[in-house]
Amino acid sequence: MSTRKIFRMASFALLLAIALPASSAVVSSDPLKTTGTEKTENARAQVLMQRLEEIKAMDKSELTRLEKKALRNEVRDIKKEAKEIKGGVYLSVGAIIIVILLLILLL
């Protein structure tokens, strides 16, 4: 095997080692089972979405400037909280740099 092939395989293995743990998810055997925290998070998310719908349906033409500003801040806070509830996949800066370097080297 040439050095180039070994380097490609090693970089591919490193890429898989970084990418697979970030994309793996816990799969429950019974989809009907939910924990208490999931129920409370889902309930909180529904309350937040209902409040957003209420704000969208409001007649904002009669509100004062300060009331509009307070509504904007409330919408911003609700969206931040909804993002936190939703969660997501986060990559560290080191992982991103390694992926970029691997892409540069391979291409």
Side-chain angles (χ1 to χ4, degrees):
M1 293 179 104
S2 70
T3 309
R4 187 176 180 107
K5 284 186 180 181
I6 293 173
F7 182 71
R8 280 189 179 177
M9 285 192 284
S11 61
F12 184 69
L14 183 63
L15 178 65
L16 285 177
I18 293 172
L20 287 179
S23 64
S24 65
V26 177
V27 178
S28 174
S29 60
D30 187 10
L32 299 177
K33 279 187 178 178
T34 57
T35 61
T37 57
E38 289 177 359
K39 288 180 183 178
T40 57
E41 288 176 354
N42 289 338
R44 179 67 180 151
Q46 288 177 349
V47 169
L48 292 175
M49 294 308 293
Q50 288 175 351
R51 179 62 183 149
L52 279 177
E53 292 300 323
E54 290 173 3
I55 292 173
K56 286 181 184 178
M58 289 174 97
D59 182 24
K60 298 176 191 92
S61 63
E62 298 177 4
L63 298 176
T64 65
R65 192 171 140 220
L66 293 175
E67 291 171 335
K68 288 180 185 179
K69 186 176 180 179
L71 275 178
R72 281 195 304 269
N73 289 337
E74 184 179 355
V75 168
R76 191 176 308 128
D77 292 339
I78 289 173
K79 287 184 178 180
K80 283 181 185 177
E81 189 173 344
K83 265 187 188 176
E84 289 175 6
I85 290 173
K86 184 180 174 185
V89 176
Y90 298 102
L91 294 175
S92 67
V93 176
I96 293 172
I97 291 172
I98 290 172
V99 170
I100 291 172
L101 288 174
L102 287 174
L103 289 174
I104 290 172
L105 291 173
L106 291 175
L107 299 177

Can you tell me which residue pairs pass the salt bridge (Lys or Arg N to Asp or Glu O under 4.0 Å) test with a partner in residues 55-64, sequence neighbours excluded? none
With sequence neighbours excluded, residues passing side chain to side chain contact (heavy atoms under 4.5 Å, CB included) with Ile98: Leu14, Ile18, Leu102
Separation between CZ of Arg76 and NZ of Lys80, rounded to the nearest 0.5 Å: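 NZ of Lys80 is found 7.0 Å from CZ of Arg76.
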Residues clustered with [X], ILVMFWY side-chain links under 4.5 angstrom:
X      : value
Val75  : Leu48, Met49, Leu52, Ile55, Met58, Leu63, Leu71, Ile78, Ile85
Leu101 : Val93, Ile97
Phe7   : Leu105

Please step through side chain to side chain contact (heavy atoms under 4.5 Å, CB included) for the pair Arg72 and Lys68, ending with a clear verdict. CA-CA 6 Å; Arg72 281 195 304 269; Lys68 288 180 185 179; 4.1 Å; yes
If the condition is side-chain hydrogen bond (donor to acceptor under 3.5 Å, both in side chains), which residues does Glu54 pass it with, not counting sequence neighbours?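 Counting only residues at least two positions away or on another chain, Glu54 forms a side-chain hydrogen bond (donor to acceptor under 3.5 Å, both in side chains) with Arg51.
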